[in-house]
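A, B, ... follow the sequence lines: proteins, then strands. Residue 1 opens every chain.
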Amino acid sequence: MLKTLSKELKTLLNKAIVAVSSSSKDKKFDIELSLPKDKRFGNLSTNIAFQVAPIIKDSPFNTAEKIKKELLNLLISSKKRHWIESINVLKPGFINITYSRKFLNILLKLIADSPSKFKLHNIGRKKKVQIEFVSANPTGPLSIAHGRQAVVGDAVSRILKACGYDTTKEYFINDEGNQIDALGKSVMARCLELEGKDFNISEDGYQGEYLIDIAKDFIKRFGKASFSKEHLNIKKILSVYTVKLIMDGIKKDLDDIGVSMDVWFSQKKLSRTDAIDNVIKKLKRKKLIYEKDGAVWFKSTTYGDDKDRVIVKSTGEYTYLAPDIAYHENKIKRKFSKVINIWGPDHHGYIPRINAAVRALGVSDDFLEVIIIQLATLYKGGKHISMSTRKGQYITLRQLIHEVGLDVARFFFLMRKTSSHLDFDLALAKKKSMDNPVYYIQYAHARICSILQKQKEDIKRLPRCDLNQLNDARERALINALVDYPSAVESAALSREPYFLTVYLRKVAEAFHSFYHSHRVLDDDLTKTAARIKLIKATKNILHAGLNLLGVSSPTNM
RNA sequence: GCGCCCGUAGCUCAGUUGGAUAGAGCAUCUGCCUUCUAAGCAGAGGGUCGACCGUUCGAGUCGGUCCGGGCGCGCCA
């Protein structure tokens, strides 16, 4: 309904502009109807007069007045005229549109009684979108940084799905290569250590203590005797075994933070096919491959990279780029219309080359989208907690979830723009008080549930609901906040920024708490009660839907 | 040196293709629990938007130069 209305308004505005300025007939204006930052400017606002003013050589304010006049005339013959309360022109030249009471009532009833029909704009149209995220090397437990990537990826996926996209969440497992060999060696060293033999973990090895457990586990299952430094086979088996155990751990960590992947894509399996060789051949045919210094190079500069990249080392081994190009070719073959990669900031230098590769494979510029999630740093009461992966001195994602819980962890990870560093204050996250924005929102939901429960017990029958009863400023503010939901979700979807939703939900919760304190829902006046019950049901549905898109629960009592 | 992110209230941050009086939360201060959850509400104070130029009807937002902070620049993955 909201979409129908805004579409209609845009058409009418365009007609109005043509009427105002006969000269601009061929110029099509991209009219934007945005949510004003303050509700006293109405429900929708447009700055179109600023664009038209220079053309008709009049002030923005006068232009706005002229457009408004035309718009009002056009509206008379529109079926949607009853949905508009007023159109106002304000100071510099904004045109503000306010929904009618009737329209708001229709929306409110819809949200309260059949939220599934209060549709989000179907901007996705079932387009296949793949979101690849986390894809952490299986060399250790997930870090806080991975946690943020996981939660953002998951929330973006939920939000896109809600907007009509067909999403696939995917994890690329880097289960072969030098790092995996180093991992095997490190576990081998731990095994030797456990047997009291000589051992050393090399510079590029992994020193995390979690490997000791894996070593113990391995010895328990396969016995001691098999170990000596010469056993290369054992080392291989050990790598495979370790990767599997670590991946199990990673899957569990993701599960614990509410993230489930649709596809686990193994690099090793990809390597077993001819995919990598084939894709290199394909690039060769396009004359994008050459040899230099004994290595094979990909001419990524053709597509905007600042230097060409090695894909086969002089040793004959692939660099990481080779399987990754093959992986992206695989994504293309799977007919996704868009692929979103979510990476940590340490990978941003990698974007031009993978972009070059994807374009070399012949898909359009906007096929691949890379989102860099800035780091999340942990604080405890203002003190920074430093971390180092290799040395294994860090707080893992698992420990964090254990300390603050899934809901808080997820919400905190989503609270900031992905391009901003995130300060995660453990002390704040653990507080069960109003400082904690998660509880603030969940508390609103729980309060509503409690009132609804009481209403069920106390009042048997409510009179017919008249939503015009909701006439106080706070009630109207709450209604206005509720109807912005589709717009908030859409902003989050298009910008791939779930934090829009966290901000929006806070606003709704605030409007509710404020309403709650100035009005009793269960009033002696049962007509008022009936209307307010409808209002809080609608609020509950919006809070629930929004929290759900973030993967945060909506408790019925707290 | 090059590239990316950031610099807005004491702290953590919003500010949607440039737009209306620069906003929240925390912290500080003042009020509010005999009535549906006080994990709450109402209100107050707090700003040279890092600096300087420029673009224009209009700049926190765009461009340039500089200052400050974080990260990345492998035949690692």
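Spacing of C1' atoms, B/rC73 relative to B/rG15, comes out at 33 Å, to the nearest Å. Nucleotides B/rA9 and B/rU65 are separated by 26 Å at their P atoms, to the nearest Å. A gap of 16 Å separates the C1' atoms of B/rU12 and B/rG46, to the nearest Å. One C1' atom belongs to B/rG10, the other to B/rG18, and the distance between them is 31 Å to the nearest Å. A distance of about 15 Å separates the C1' atoms of B/rG7 and B/rU48, rounded to the whole Å. B/rU61 sits 15 Å from B/rC6 when the C1' atoms are compared, rounded to a whole Å. Across B/rG47 and B/rC11, the matching C1' atoms stand 15 Å from one another, rounded to whole Å. Distance check on atom P: B/rC33 versus B/rA38 gives 12 Å, rounded to whole Å.
Put simply, A/N178 has a side-chain N or O that comes within less than 4.0 Å of OP1 or OP2 on B/rA77. When the side-chain nitrogen and oxygen atoms of A/R309 are compared with OP1 and OP2 of B/rG74, none of them lie within a distance under 4.0 Å. Between A/S514 and B/rA42 there is a side-chain polar atom (N or O) within less than 4.0 angstrom of OP1 or OP2. Here A/K507 does not reach the OP1 or OP2 of B/rG23: none of its side-chain N or O atoms lies under 4.0 Å away. Phosphate contact (OP1/OP2 of B/rC75, side-chain N/O of A/K292, threshold under 4.0 Å): absent. The side chain of A/Y516 contributes an N or O atom lying less than 4.0 Å from OP1 or OP2 of B/rA38. Residue A/Y320 has no polar side-chain atom (N or O) positioned under 4.0 Å from OP1 or OP2 of B/rA77. When the side-chain nitrogen and oxygen atoms of A/Y440 are compared with OP1 and OP2 of B/rC41, one or more of them lie within a distance under 4.0 Å.
Ion pairing between a basic and an acidic side chain is recognised when a charged N comes within 4.0 Å of a carboxylate O; A/D58 and A/K66 show such pairing. Taking 4.0 Å as the cut-off between side-chain N and carboxylate O, A/D181 and A/K185 do not count as a salt-bridged pair.
Residue A/E291 is out of contact with every strand shown, counting any heavy-atom pair closer than 4.0 Å. Looking at heavy-atom distances under 4.0 Å, A/T556 makes contact with a base. Using a 4.0 Å heavy-atom criterion, one finds that A/H445 contacts no nucleic acid atom at all. Residue-level contact check: A/D458 touches neither bases nor backbone, having no heavy atom under 4.0 Å from any strand. Residue contacts shown for A/F515 are absent, as no nucleic acid heavy atom lies under 4.0 Å away. Using a 4.0 Å heavy-atom criterion, one finds that A/R532 contacts no nucleic acid atom at all. The residue A/N47 sits close to a base: some heavy atom pair falls under 4.0 Å.
The base of B/rA20 lies close enough to the side chain of A/N96 for a donor and an acceptor atom to sit less than 3.5 Å apart. One can find a donor-acceptor pair under 3.5 Å joining the base of B/rG3 and the side-chain atoms of A/H348. Contact of A/T319 with B/rC75 (side chain to base): no donor-acceptor pair of N or O atoms is detected under 3.5 Å.
For the pair A/D423 CG and B/rC26 P, the interatomic distance rounds to 18 Å; values are reported in whole Å. Summarising the geometry, the separation between CZ on A/R506 and C1' on B/rC41 is reported as 12 Å, rounded to the nearest angstrom. Following rounding to the nearest Å, A/L422 (CG) and B/rU12 (C1') show an atom-to-atom distance of 10 Å. One interatomic measurement links the two molecules: CH2 of A/W343 to C1' of B/rC4, which rounds to 13 Å at whole-angstrom precision. Atom-to-atom, CG of A/L478 to P of B/rG40 comes out at 17 Å; the value is rounded to the nearest Å. Protein atom CG of A/D324 is 10 Å distant from nucleotide atom C1' of B/rA77, rounded to whole Å. Separating the CD atom of A/Q51 from the P atom of B/rG58 is a distance of 17 Å, rounded to the nearest angstrom. In this structure, NE2 of A/H513 is placed 16 Å from C1' of B/rC32, rounded to the nearest angstrom.
By the 5.5 Å and 30° criteria, A/F41 is stacked with the base of B/rA20.
In terms of position along RNA chain B, the nucleotide closest to A/S45 lies nearer the 5' end than the nucleotide closest to the other residue of the pair A/K307 and A/S45. Taking for each of A/I372 and A/T46 the nucleotide of RNA chain B with the nearest heavy atom, the 5'-most of the two is the partner of A/I372.
Residue pairs that meet the ring-ring contact (aromatic ring centres under 6.0 Å, His included) test with at least one member in residues 299-326 of chain A, sequence neighbours left out, are A/Y320-A/Y350.
Side-chain rings of A/Y290 and A/F298 stay apart, their centers remaining 6.0 Å or farther from each other. Close placement of the A/Y327 and A/F265 rings is indicated, their centers lying within 6.0 Å of each other.
Of the listed nucleotides (B/rG15, B/rC5, B/rC41), B/rC41 has the atom at the smallest distance from the side chain of A/H517. For A/Q179, taking side-chain heavy atoms from C-beta onward, the closest of the listed nucleotides B/rC76, B/rU37, B/rC75 is B/rC76. Across B/rA77, B/rG72, B/rA14, the shortest atom-to-atom separation from the side chain of A/Y499 is found for B/rA14. Here the side chain of A/E510 is nearest to one of B/rG25, B/rG15, B/rU37, namely B/rG25. Of the listed nucleotides (B/rC75, B/rC36, B/rA20), B/rC36 has the atom at the smallest distance from the side chain of A/L522.
Taking all atoms of both residues into account, the shortest heavy-atom contact from A/A49 to A/G93 is CB-O, 3.4 Å.
Taken to the nearest 0.5 Å, the CH2 atom of A/W343 stands 6.0 Å off from the CD1 atom of A/I351.
Taking a pair to require two hydrogen-bonding distances under 3.5 Å in either a Watson-Crick or a G-U wobble arrangement, B/rC26 pairs with B/rG10. With a cut-off of 3.5 Å on both Watson-Crick or G-U wobble distances, the partner of B/rA39 is given as none. Across all strands shown, B/rC76 forms no Watson-Crick or G-U wobble pair with both key distances under 3.5 Å. When both pairing distances are held under 3.5 Å, B/rC71 makes a Watson-Crick or G-U pair with B/rG3. Across all strands shown, B/rG45 has no partner, as no Watson-Crick or G-U wobble contact with both distances under 3.5 Å is found.
When only modelled atom types and interatomic distance are considered, A/N341 and A/K331 share a side-chain donor-acceptor pair under 3.5 Å. Counted by atom type alone, A/T418 and A/E497 present one or more donor-acceptor pairs between their side chains at under 3.5 Å. Counting only N and O atoms by type, the side chains of A/D523 and A/T529 include no donor and acceptor under 3.5 Å apart. For the residue pair A/N137 / A/Q179, a side-chain donor-acceptor distance below 3.5 Å is found, with atom types taken as modelled.
Look at B/rC11: its glycosidic torsion is beyond 90° from 0, and that puts it in the anti range.
Taking 4.5 Å as the limit, some side-chain heavy atom of A/I372 sits within range of a side-chain heavy atom of A/Q374.
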Under 3.5 Å, N/O pairs linking protein and nucleotides 6-10 of chain B:
none

